[in-house]
Engineer: 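Okay, here's the structure, questions in a sec.
For ligands, and for the atoms within them, numbers begin at 1 and follow the listed sequence.
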Amino acid sequence: MTVPAAVSVDCPAKTNLTLEVGRPRAEWGGRHELDTIYCAISLTDTVTAAAKPAGAGFSLDLAGEHLGDLAASSSDMRRNHAVLALFAMAEACGREPDVALSIDKRIPVGAGLAGGSADAAATILALNELWALDWPIERLREVAATLGADMPFCVAGGYARGTGYGEIIEPIDEESELGRALQADGYAGEVLVGAYGDQLSTPEVYRAFDAVGAGEGERNHLQKAAVSLHPRSGRAIDEALAAGARHAFVSGSGPSVVAFTPTPDVRRRVIAAWERSGAVDRIIAAEAPARPRVTAVGLPAGSVTVAR
Ligand SMILES: C[C@](O)(CO)[C@H](O)COP(=O)(O)OP(=O)(O)OC[C@H]1O[C@@H](n2ccc(N)nc2=O)[C@H](O)[C@@H]1O
Ligand SMILES: Nc1ncnc2c1ncn2[C@@H]1O[C@H](COP(=O)(O)OP(=O)(O)OP(=O)(O)O)[C@@H](O)[C@H]1O
């Protein structure tokens with residue numbers, strides 16, 4: 001197997017079509033029991049991993065117009081989720097982390113879109129190729145699960161059910177009965193993401209959930225907590241639904257809002273409503289579902305493989 005000089009991975013953001021939150025578990029470090037349907041959307045970060053000389057150590061370059069708190073000079077590179085994934089993979093396969101990582105960031109930070117988890121999953125997929133490990137998805141998910149609740153899902157994307165604290169993943173094939181039901185229920189095709197300059201801290205939203213509980217009839221049990229901390233998200237949801245969106249909800253722990261728009265006319269109406277009211281700071285168009293895309297660089301053209 002030819003070893004590529006570098007590997008690039010476009011990794012999708014994550015949203016939750018349902019998010020049932022149970023009680024916190026001490027044995028999980030206080031994380032809550034979850035039963036969720038994850039859906040990856042085609043808003044991606046690109047992570048490129050390139051080999052460095054033995055003993056050179058790792059490096060991280062970060063590019064993007066909306067880096068949130070990652071842009072702060074005080075942001076510790078060693079705590080970046082992509083670097084944590086590099087260290088975890090090096091540990092798991094007994095190699096040194098002599099790798100140059102570069103991240104082209106488009107997923108808003110601290111948005112409820114698992115941007116950090118997507119970068120970690122992309123790094124895991126890239127190293128699987130760069131180091132010619134050829135480990136199966138299940139093995140890659142085991143490494144991801146040691147890093148964060150959302151990461152195992154991000155390794156393969158698509159639709160999946162998550163249980164435990166979110167790390168136990170049962171993929172949902174788009175052709176399966178549940179996959180078809182999700183698509184028939186409008187959870188496929190064009191989505192609009194209402195993004196904000198603000199971030200919400202996931203632990204803070206879970207703490208708020210412990211205080212206020214889930215909203216009546218809301219499929220995302222964290223939505224009421226997220227809206228209590230970031231009211232603009234609630235207005236954006238109401239406006240998207242009034243404009244004809246099939247579904248509109250806070251994405252995960254928020255603050256970003258995801259709206260499924262079934263027709264171009266509804267899409268135009270939601271954009272017009274959000275632009276008129278200023279309920280969101282940025283609008284990003286994407287499609288659902290989506291999967292990571294792995295490209296080995298420095299190999300003959302056409303070496304693209306899609307993670308399954
Ligand atoms: C909100 C979701 O995005 C829904 O998919 C995830 O549950 C959050 O996943 P994540 O950001 O990867 O979460 P982690 O990095 O594992 O945990 C961050 C913090 O979120 C809270 N947390 C996370 C997951 C979970 N099932 N229960 C929790 O209470 C805990 O305070 C935890 O310390
Ligand atoms: N590569 C990364 N991309 C984004 N955030 C990162 C990254 N590495 C570390 N972080 C930190 O993780 C925190 C959460 O970022 P992230 O974008 O993953 O939040 P999120 O989308 O709300 O996550 P989730 O939906 O999983 O709760 C931020 O404060 C950020 O500083």
Engineer: From N16 CG over to T36 OG1, what is the distance, rounded to the nearest 0.5 angstrom?
Structural biologist: 4.0 Å

Engineer: Locate the shortest heavy-atom distance separating L125 from V155; write the atom from each residue and the value.
Structural biologist: CD1-O, 3.5 Å

Engineer: Taking all non-hydrogen atoms of both residues into account, name the closest pair between Q183 and A188 and its distance.
Structural biologist: CG-CB, 3.7 Å

Engineer: Does the W274 side chain pair with the main chain of I283, one donor and one acceptor, at a distance under 3.5 Å?
Structural biologist: no

Engineer: Ignoring hydrogens, what is the shortest heavy-atom contact between S233 and V257? Give both atom names and the distance.
Structural biologist: O-CG2, 3.6 Å

Engineer: Is the shortest heavy-atom distance from the side chain of K105 to the side chain of D119 under 4.5 Å?
Structural biologist: yes

Engineer: Could you tell me the residue and atom name of the protein heavy atom closest to atom 8 (N) of ligand 2, and the distance to it rounded to 0.1 Å?
Structural biologist: H81 N, 2.9 Å

Engineer: For the CD atom on E142, are there more than 12 heavy atoms of other groups (residues, nucleotides or ligands in this structure) within a distance under 6.0 Å?
Structural biologist: yes

Engineer: Which ligand 1 atoms, with their elements, are less than 4.0 angstrom from a heavy-atom of K14?
Structural biologist: 2 (C), 3 (O), 4 (C), 5 (O)

Engineer: Which residue and atom name correspond to the protein heavy atom nearest atom 4 (C) of ligand 1, and how close is it?
Structural biologist: N16 ND2, 3.6 Å

Engineer: Counting only heavy atoms not in E27, do more than 12 sit closer than 6.0 Å to its CD atom?
Structural biologist: yes

Engineer: If you measure from atom 25 (C) of ligand 1 to every heavy atom of H32, H81, E167, which option wins on shortest distance?
Structural biologist: H32

Engineer: Which atoms of ligand 2 are found less than 4.0 Å from any heavy atom of D150?
Structural biologist: 24 (P), 25 (O), 26 (O)

Engineer: Taking only Lys NZ, Arg NE, NH1 and NH2, and the carboxylate oxygens of Asp or Glu, determine whether E218 and K224 approach each other closer than 4.0 Å.
Structural biologist: no

Engineer: Minimum heavy-atom separation for A120 and M151, please, with both atom names.
Structural biologist: CB-SD, 3.5 Å

Engineer: Could you pull out, from G148, G29, S117, the option with a heavy atom nearest to atom 15 (O) of ligand 1?
Structural biologist: G148

Engineer: Which of the numbered atoms in ligand 2 are under 4.0 angstrom from any heavy atom belonging to K14?
Structural biologist: 25 (O)

Engineer: Distance to 0.1 Å, residue and atom name: give those for the protein heavy atom nearest to atom 18 (O) of ligand 2.
Structural biologist: G116 N, 2.9 Å

Engineer: Please confirm whether L34 approaches ligand 1 to less than 4.0 Å, judged on its heavy atoms.
Structural biologist: yes

Engineer: Can you list the atoms of ligand 2 that are under 4.0 Å from a heavy atom of D119?
Structural biologist: 1 (N), 2 (C), 3 (N)

Engineer: Counting only heavy atoms, tell me which of M151, R31, R25 gets closest to atom 14 (P) of ligand 1.
Structural biologist: R31

Engineer: Could you check whether D45 pairs with R106 (Lys NZ or Arg NE/NH1/NH2 to Asp/Glu carboxylate O, under 4.0 Å)?
Structural biologist: no

Engineer: Counting each atom of ligand 2 from 1 as listed, which ones have a heavy atom of L113 under 4.0 Å away?
Structural biologist: 21 (O), 25 (O)

Engineer: So which heavy atom in the protein is nearest atom 22 (O) of ligand 2, and how far is it from that ligand atom?
Structural biologist: G112 N, 2.9 Å

Engineer: Is the closest N or O pair between R79 and ligand 2 shorter than 3.5 Å?
Structural biologist: no

Engineer: For ligand 2, note which part of S253 has a heavy atom under 4.0 Å away: side chain, backbone, both or neither.
Structural biologist: side chain

Engineer: Can you check whether T46 reaches V9 side chain to side chain, under 4.5 Å on heavy atoms?
Structural biologist: no

Engineer: So which heavy atom in the protein is nearest atom 27 (O) of ligand 2, and how far is it from that ligand atom?
Structural biologist: T202 OG1, 2.6 Å

Engineer: For atom 6 (C) of ligand 2, grab the closest protein heavy atom and report residue, atom and distance to one decimal in Å.
Structural biologist: L70 CD2, 3.8 Å

Engineer: Tell me whether S253 has any N or O atom under 3.5 angstrom from an N or O of ligand 1.
Structural biologist: no

Engineer: Please work out whether any backbone atom (N, CA, C, O) or any side-chain heavy atom from C-beta onward of N80 is under 4.0 Å from ligand 2, and answer side chain, backbone, both or neither.
Structural biologist: both

Engineer: Would you mind running through ligand 1 and noting each atom that sits below 4.0 Å from a heavy atom of Y165?
Structural biologist: 25 (C), 26 (N)

Engineer: To check your reading of the model: name the closest protein heavy atom to atom 7 (O) of ligand 1, its residue, and the distance in Å.
Structural biologist: Y206 OH, 2.7 Å

Engineer: Flag Y38 as yes when one of its N or O atoms lies below 3.5 Å from any N or O atom of ligand 1, and as no otherwise.
Structural biologist: no

Engineer: Check ligand 2 against K105 and write out every atom of the ligand that is under 4.0 Å from a heavy-atom position of the residue.
Structural biologist: 3 (N), 4 (C)

Engineer: Under 4.0 Å, heavy atoms only, figure out whether ligand 2 is touched by the backbone of D45, its side chain, both or neither.
Structural biologist: neither

Engineer: Can you check which of T202, V205, D210 brings a heavy atom nearest to atom 20 (O) of ligand 1?
Structural biologist: T202

Engineer: Looking at side-chain heavy atoms only, is the closest gap between K52 and S59 below 4.5 Å?
Structural biologist: yes

Engineer: So R31 and E167, salt bridge (Lys or Arg N to Asp or Glu O under 4.0 Å) or not? Walk me through it.
Structural biologist: CA-CA 11 Å; R31 288 190 176 109; E167 87 290 2; over 6 Å; no

Engineer: Check whether any protein heavy atom sits under 4.0 Å from atom 13 (C) of ligand 2.
Structural biologist: no

Engineer: Looking only at protein heavy atoms, which one is nearest to atom 30 (C) of ligand 2, and how far off is it?
Structural biologist: D69 OD1, 3.4 Å

Engineer: Could you tell me whether some N/O pair between A114 and ligand 2 is separated by less than 3.5 angstrom?
Structural biologist: yes

Engineer: Provide, to 0.1 Å, the distance between atom 17 (O) of ligand 2 and the closest protein heavy atom, together with that atom's residue and name.
Structural biologist: G110 N, 2.9 Å

Engineer: Quick check, are the ring centers of Y187 and Y159 under 6.0 angstrom apart?
Structural biologist: no

Engineer: Tell me, do D61 and L101 make a side-chain contact under 4.5 Å, heavy atoms counted?
Structural biologist: no

Engineer: Give a yes or no on whether the backbone of D134 and the side-chain of N128 come within a donor-acceptor separation of less than 3.5 Å.
Structural biologist: yes

Engineer: Note the single closest protein heavy atom to atom 33 (O) of ligand 1, along with its residue, its atom name and the distance in Å.
Structural biologist: P203 CG, 4.6 Å

Engineer: Would you say the side-chain atoms of R269 pair up with the backbone N or O of G244, donor to acceptor, closer than 3.5 Å?
Structural biologist: no

Engineer: Parallel under 30°, tilted from 30 to 60°, perpendicular over 60°: which one fits the rings of H32 and F209?
Structural biologist: perpendicular

Engineer: From the options V21, D150, T15, select the one whose nearest heavy atom is closest to atom 12 (O) of ligand 1.
Structural biologist: D150

Engineer: Can you tell me which residue and heavy atom of the protein come closest to atom 13 (O) of ligand 1, and the distance to 0.1 Å?
Structural biologist: A149 CB, 4.0 Å

Engineer: Give the atom numbers and elements of ligand 2 that come within less than 4.0 Å of a heavy atom of Q199.
Structural biologist: 29 (O)

